[in-house]
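Remarks on the structure that follows.
Residue numbers begin at 1 in each chain, while the letters A, B, ... track the order of the sequences. This structure is a prediction, so every number in the text was calculated from the model and none was measured.
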Number of protein chains: 2
Amino acid sequence: MTVTLTIDCMGGDHGPSVTVPAAVRFVQSTDDVELVLVGQQEIINAQLAKLRATDHPRLSVVNASEVVAMDDSVETALRKKKDSSMRVALNLVKEARAQACVSAGNTGALMAVSRYVLKTLPGIERPAIATVLPNQKGGYTTMLDLGANVDCEPTHLLQFAEMGHALVAAVDGKERPSIGLLNIGEEVIKGNDVIKQAGELLRGSTLNFYGNVEGNDIYRGTTDIVVCDGFVGNVALKTSEGLAQMLGDMIREEFTRTWWTKVIATIALPILTRFKHRVDHRRYNGAALLGLRALVIKSHGSADAYSFEWAIKRGYDAVRNGVLDRLSRAMQENQTQLQDAKPVSAIPAL
Amino acid sequence: MTVTLTIDCMGGDHGPSVTVPAAVRFVQSTDDVELVLVGQQEIINAQLAKLRATDHPRLSVVNASEVVAMDDSVETALRKKKDSSMRVALNLVKEARAQACVSAGNTGALMAVSRYVLKTLPGIERPAIATVLPNQKGGYTTMLDLGANVDCEPTHLLQFAEMGHALVAAVDGKERPSIGLLNIGEEVIKGNDVIKQAGELLRGSTLNFYGNVEGNDIYRGTTDIVVCDGFVGNVALKTSEGLAQMLGDMIREEFTRTWWTKVIATIALPILTRFKHRVDHRRYNGAALLGLRALVIKSHGSADAYSFEWAIKRGYDAVRNGVLDRLSRAMQENQTQLQDAKPVSAIPAL
């Protein structure tokens, strides 16, 4: 089966100058994928011509006259720009002409338009944003939510855990990925009421719940999945970006301080390059909007072509591994279980 | 004026084998300080003898028979260990025999015993934990709260801002340090209700409020102070620790991969050492418990002697710079302002 993805070519800080080259490279390196490039046709075609890819058999262009700007409000994106590249790309997925959409557009707008166009899966109250982060074990940790939900109930955190489970089980083939609940201590008594109740729910679920984890466990790789509300997740992610940036700049400063340190930097270049590659955040680009009736991948707004290509790859992998099917089934089973369990439920006051 | 500090010598993962050498080094390098070493006298004296510092004129030992263990509950620390080194060290501060206490004991216990023994300053509902983190501007960012308060009201965040202001103004001599409110976006409409209301209060205050900041701004040094609730602050701090640890380990791995990379590491040693020194978290050890009627400095539990010495230095600097006076005055002025303002207060529903 060929995987078909729509690409919102106008989204992100750089638009088609990044998204089109990334799409061309991806389609050239992957045989069983078709990409539908959505946006202002002339600009996209100009980019394709520059890359001598106008006639690629697995690339097509669909016109959309409007663009959701990075600072457009959710209202503007939703009500006033009905022919935006973002909206048209999502509509194509809704009409089953593609299986997933990849966009570097602004997060709030993308989530709102996705919810409006695609709707949520039965049983999901709140879609969540999930991403992967590298860890010390040499693998990666899947973390959600990263900013879609700033106020969460315990049941939402349980649903995030279920969605994270379905994602990791499908993409990594791990049958029972372990789940940690992000908290400020490992002990059960730690945290606020929402966290404590979410812990109760998770302990009572069929999921492979490890228990509470702390911020450092994300990078330690203590669990496959780390669950948190969107406020905390967003702060943790952006704090990490800031720290990584500062440390990278400091290493650069130290290695370029004098002519002698520059000589050493040249000698050490293969080592520094290897290190840089290992921690290159661009390889972790592409967060999944989970809980919708179709797959949507959100790229970092500032992504370059290399980074955006990784986001496309993540969409491709998710479709290839049947993430959506797995997610829908998990939610259905879960609802059945909940209905069965209701008369004897021992969970207090939820 | 000599600064007198009490040292809880039994706290932390390593107890007197770390705290006593740190105290001896600090007292030897600083002329106008007296340190009172509190804990099991025999063990402390044995350490002092080993360091040939038994007769140092500015070191004294006060016996305390009990020890608050790192995993003791708040209840145990508070009710069952009335002769703990932590409690005795705080009592000495209360009796004005010292101006501040430094402890590496467990955070929950230290906060609870400090509150019980010292009481909070008038006008302070919740003490907070503040620390400094290095930033890209070459200075540092003061951040609070880091875990004392997991659920905060908007007024608590305002008080944290006031306390952070008093701390930074006193220690750094900045008259109007800038304050950022940690959020998931810069726009005023972002965040949950508590954050939005706290933003309103800060905009209406006399503080130098910059506006919302995001996680990466902590390390960018966008503002002098970053204010957040203890849950978010703790996660941000521990996530940073985890990431720094992972990156440090990865650099080490790359430089020790083969005999050739080891040769390069030897040549690059001065550069790597300089970098390591710049980001050495031990130099940022020593968080201030703010909002109490005396100063308490909390060291990382796993601190080594070098790191614990920094925590002692932080206590010394805080006393030397009159942090407590500044804090009390700010709170008094604030209360007067609040009382004056009450009849015409335009702040809704707080």
Side-chain angles (χ1 to χ4, degrees), chain A residues 71 73 107-108 133-136 147 150-151 182-185 187 189-193 195 214-221 228-251 253-255 257 261 264-265 267-268 270-272 274-275 278-279, chain B residues 71 73 107-108 133-136 147 150-151 182-185 187 189-193 195 214-221 228-251 253-255 257 261 264-265 267-268 270-272 274-275 278-279:
Chain A
D71 55 356
S73 70
T107 313
L133 293 164
N135 66 35
Q136 276 195 303
V150 292
D151 274 311
L182 193 56
N183 202 341
I184 62 166
E187 305 85 346
I189 54 148
K190 287 277 171 112
N192 55 31
D193 287 345
I195 293 292
E214 298 186 75
N216 46 357
D217 289 303
I218 301 166
Y219 294 104
R220 264 194 202 152
C228 56
D229 76 44
F231 194 101
V232 171
N234 189 279
V235 168
L237 189 71
K238 294 221 171 115
T239 300
S240 300
E241 285 177 12
L243 178 58
Q245 179 80 45
M246 182 182 77
L247 295 178
D249 287 358
M250 280 183 177
I251 291 182
E253 269 171 46
E254 292 305 332
F255 272 102
R257 190 173 287 278
T261 63
I264 297 171
I267 302 170
I271 305 174
L272 296 173
R274 250 187 96 112
F275 170 68
R278 278 178 76 177
V279 298
Chain B
D71 55 355
S73 71
T107 313
L133 293 164
N135 66 36
Q136 276 194 303
V150 292
D151 274 312
L182 192 57
N183 201 341
I184 62 167
E187 305 85 348
I189 54 149
K190 287 279 172 108
N192 55 30
D193 287 343
I195 292 292
E214 298 186 74
N216 45 358
D217 290 302
I218 300 167
Y219 294 104
R220 263 193 203 152
C228 58
D229 77 44
F231 194 101
V232 171
N234 189 278
V235 168
L237 189 71
K238 294 222 172 116
T239 301
S240 299
E241 285 176 11
L243 177 58
Q245 179 79 45
M246 182 183 77
L247 295 178
D249 287 357
M250 282 182 176
I251 292 182
E253 268 171 48
E254 292 305 332
F255 271 101
R257 189 173 288 279
T261 63
I264 297 172
I267 303 170
I271 304 173
L272 296 173
R274 251 187 95 112
F275 169 68
R278 278 179 76 177
V279 298

*Before giving the answer on side chain to side chain contact (heavy atoms under 4.5 Å, CB included), spell out for Gln136(A) and Met250(B) the whole-Å C-alpha distance, their side-chain angles and the decisive distance to 0.1 Å.*
CA-CA 8 Å; Gln136(A) 276 195 303; Met250(B) 282 182 176; over 6 Å; no
*Of all residues at least two apart in sequence or in a different chain, which pass the salt bridge (charged side-chain N to carboxylate O under 4.0 Å, His left out) check with Arg257(A)?*
Glu254(A)
_Non-neighbouring partners of Asp151(B) that pass salt bridge (charged side-chain N to carboxylate O under 4.0 Å, His left out), sequence neighbours left out_ = none
*Taking every non-hydrogen atom, the tightest pair across Val150(B) and Phe231(B)*: O-CB, 4.0 Å
*Minimum heavy-atom separation for Gly215(A) to Leu182(A), with atom names?*
N-CD1, 3.7 Å
For chain A, which of [options] has the most heavy-atom pairs under 4.5 Å?
options                                    : answer
Ile267(B), Leu243(B), Thr261(B), Val232(B) : Leu243(B)
Glu214(B), Lys190(B), Arg274(B)            : Arg274(B)
Ile251(B), Leu247(B), Asp249(B)            : Ile251(B)
Gly185(B), Gly147(B), Gly191(B)            : Gly191(B)
Pro134(B), Gly233(B), Ala265(B)            : Pro134(B)
Val235(B), Asp193(B), Asp71(B)             : Val235(B)

If I measure from the heavy atoms of chain B, does [X] come under 4.5 Å with its side chain, its backbone, both, or neither?
X         : result
Ile195(A) : side chain
Ile218(A) : side chain
Pro270(A) : neither
Gln245(A) : both
Leu272(A) : side chain

*Can you tell which of Leu237(A), Asp229(A), Asn183(A) has the highest number of heavy-atom pairs within less than 4.5 Å of chain B?*
Asn183(A)
_Determine whether a donor-acceptor pair (N or O, by modelled atom type, separation under 3.5 Å) exists between the side chain of Asn216(B) and the backbone of Ser240(A)._
no
*Is the backbone N or O of Arg220(B) less than 3.5 Å from a side-chain atom of Asp217(B), with the two atoms forming a donor-acceptor pair by type?*
no
_Nearest 0.5 Å, please: how far is CD in Glu241(A) from OH in Tyr219(B)?_
13.0 Å
